[in-house]
Protein chains: 2
Amino acid sequence: MARAGVTVERLTLAAAELADELGFENVTVSTVARRFGVRDASLYSHIKSARDLRVRVALLAMAELADRVADALAGRAGKDALVAFANAYRDYALRHPGRYAAAQLDLDDETVAGSAAGRHSAMTRALLRGYQLPEPAQTDAIRLLHSTFHGYVTLEAGGRFRLTPREVDASWAATVAALDALLRNWPSA
Amino acid sequence: MARAGVTVERLTLAAAELADELGFENVTVSTVARRFGVRDASLYSHIKSARDLRVRVALLAMAELADRVADALAGRAGKDALVAFANAYRDYALRHPGRYAAAQLDLDDETVAGSAAGRHSAMTRALLRGYQLPEPAQTDAIRLLHSTFHGYVTLEAGGRFRLTPREVDASWAATVAALDALLRNWPSA
DNA sequence: TCAGTTGCCTAGGGGTATTAGGCTACTCCC
DNA sequence: GGGAGTAGCCTAATACCCCTAGGCAACTGA
């Protein structure tokens, strides 16, 4: 019998692809095993559990997203940087819905610490340097930006904006422009 | 044998409670049946499927949330109303994490149409009346507010803000204040 | 009272998660 | 080249969840 050549990396990648195709909630040990043409039980020499597999997909997604954002941010500043950041974020989420959903998995503190989450907020902090916000406003602004981006793409992907006819792309552009205006005039008290 | 007195309403309520206690993903036909002391198969004369049950919890949560927001909004206007809206929203999400997660369930358009989602955006529209935004800025603002609120509570509940020491309550207040400032100075172009 | 309806049960088929234990295909070292 | 050892994959078996079919008993109303 030829071996299937399963490795943790290939498993994680396959799981990520499955997530984008079928939704993250349908990423199961069985479906991944099936894609490799092996039995489910065979995967347990590579992964610890179904959750382990899902966490790996989450970490992969977070790293990929951080990479895209870093690329988009390179050489830009001010509103230019904000727009690039926002669009890279949204693009990733819409193009890889399953991966993005994975990135929202509830991870324990230790795992979060070892993830790309730190890079993400460091980049946001760098982005905000152009707006000259003092602490703690800076932290608040990071949280606001992250919340708005995350909330927007989640609601958009969930079809929650389909009730109103207004184009979601146009709303997105207006939203990012509004955030830029807000950052330039952050209320002091 | 005495009957357990199962009804769709009691099932939905029990499922909602289980969601808040164990997380929405652990709301299962079996756990709910167990709580009633009956066999899982017995529930299928009341609900159509596990998904049906979850959708009912989602609709319940959306209606409850709309109620809380409506109460908070009564008799208020301007920033006062915005703050009340925001706090009611966040309170509900944090106090009822399972229900709130349920409300995020991906529903088909027909179900969404029959839900409290319409009430929700109508209230937001009413809230914005105090800020006098013309269309399409008003729609964009609704989407921005919803995105930010939803994103914030989701990330907060998911522990994504624990990396930074800044108090989440303080950040929340600052965020809402910032949104108020933004609505009062919405960028025209 | 008794016919009909409704509520709950048992049986059973199908799927996923996971452990235990076995066989086999590579690897590398003498 | 020939074992010895490791790693990859398999079958078997348990447990839990989803759901259908069919049965009996408990209510309901004429």
Side-chain angles (χ1 to χ4, degrees), chain A residues 1-60 98-99 101-102 104-108 111, chain B residues 1-60 98-99 101-102 104-108 111:
Chain A
M1 277 299 169
R3 298 201 175 177
V6 177
T7 65
V8 199
E9 289 72 26
R10 293 188 58 202
L11 278 184
T12 308
L13 206 58
E17 284 162 10
L18 277 170
D20 287 335
E21 291 164 23
L22 312 174
F24 184 58
E25 69 281 5
N26 295 317
V27 170
T28 152
V29 177
S30 314
T31 50
V32 176
R34 224 157 347 197
R35 169 153 303 197
F36 276 88
V38 301
R39 296 315 181 107
D40 353 357
S42 305
L43 296 193
Y44 287 87
S45 31
H46 303 281
I47 56 171
K48 234 177 86 274
S49 63
R51 165 143 184 105
D52 178 34
L53 177 63
R54 295 190 188 107
V55 169
R56 285 174 195 279
V57 176
L59 294 176
L60 171 70
R99 282 161 150 101
Q104 264 29 79
L105 194 65
D106 219 326
L107 304 171
D108 48 273
T111 313
Chain B
M1 276 299 172
R3 297 201 175 175
V6 177
T7 65
V8 199
E9 289 72 26
R10 293 187 60 203
L11 278 183
T12 308
L13 205 58
E17 283 162 12
L18 277 170
D20 287 335
E21 290 164 24
L22 312 174
F24 183 58
E25 69 281 5
N26 294 318
V27 170
T28 151
V29 176
S30 315
T31 49
V32 176
R34 224 157 347 197
R35 169 153 303 198
F36 277 88
V38 301
R39 297 316 184 104
D40 0 353
S42 305
L43 297 193
Y44 287 87
S45 31
H46 303 282
I47 55 171
K48 234 177 84 275
S49 64
R51 164 139 186 110
D52 178 34
L53 176 64
R54 295 192 186 107
V55 169
R56 284 174 195 279
V57 176
L59 294 176
L60 171 72
R99 282 160 149 104
Q104 263 30 79
L105 194 64
D106 219 325
L107 304 172
D108 48 272
T111 312

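Proteins get letters first, then strands, A, B, ... in listed order; numbering begins at 1 in each. Model, not experiment: these values are computed from the prediction.
- We find that CZ of A:Arg10 is positioned 19 Å from P of D:dA7, with the value rounded to whole Å.
- When rounded to the nearest whole Å, the span between CD of B:Glu25 and C1' of D:dC17 equals 15 Å.
- Taking atom CZ of residue A:Arg39 and atom C1' of nucleotide C:dG21, one finds them 17 Å apart after rounding to whole Å.
- Atom CZ in B:Arg34 sits about 8 Å away from atom C1' in D:dC16, given to the nearest Å.
- The CG atom of A:Leu22 sits 15 Å away from the C1' atom of C:dT16 (whole-angstrom rounding).
- Proximity of A:His46 to the phosphate of D:dA7: no side-chain N or O atom is located under 4.0 Å from OP1 or OP2.
- One interatomic measurement links the two molecules: CG of B:Asn26 to C1' of C:dA17, which rounds to 14 Å at whole-angstrom precision.
- Take B:Arg35 and apply the side-chain contact (heavy atoms from CB on, under 4.5 Å) test, not counting sequence neighbours, and it matches B:Ala14, B:Glu17, B:Leu18, B:Glu21.
- B:Ala58 approaches B:Ala102 most closely through the heavy-atom pair CB-O, 3.2 Å.
- The side chain of A:Ser42 contributes an N or O atom lying less than 4.0 Å from OP1 or OP2 of D:dC10.
- A:Ala15 is linked by a side-chain contact (heavy atoms from CB on, under 4.5 Å) to A:Val27, A:Val32, A:Leu53, A:Val57, counting only residues two or more places apart in sequence or in another chain.
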Would you list the protein and nucleotides 18-20 of chain D atom pairs, both N or O, that sit under 3.5 Å from each other?
residue: D:dC18; atom: OP1; partner: B:Thr28; partner atom: OG1; Å: 3.3
residue: D:dC18; atom: OP1; partner: B:Arg54; partner atom: NH2; Å: 3.2
residue: D:dC18; atom: OP2; partner: B:Thr28; partner atom: OG1; Å: 2.5
residue: D:dC18; atom: OP2; partner: B:Val29; partner atom: N; Å: 3.0
residue: D:dC18; atom: OP2; partner: B:Ser30; partner atom: N; Å: 3.3
residue: D:dC18; atom: OP2; partner: B:Ser30; partner atom: OG; Å: 3.3
residue: D:dC19; atom: OP2; partner: B:Tyr44; partner atom: OH; Å: 3.0
residue: D:dC19; atom: OP2; partner: B:Ala50; partner atom: N; Å: 2.6

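- By the side-chain hydrogen bond (donor to acceptor under 3.5 Å, both in side chains) test, A:Ser49 is found to be paired with no residue, residues two or more places apart in sequence or in another chain being considered.
- Partners of A:Thr7 by side-chain contact (heavy atoms from CB on, under 4.5 Å), not counting sequence neighbours, listed by chain and number: A:Glu9, A:Arg10.
- Contacts classified as salt bridge (charged side-chain N to carboxylate O under 4.0 Å, His left out) and involving residues 37-59 of chain B (residues at least two apart or in different chains) are given here: B:Asp52-B:Arg56.
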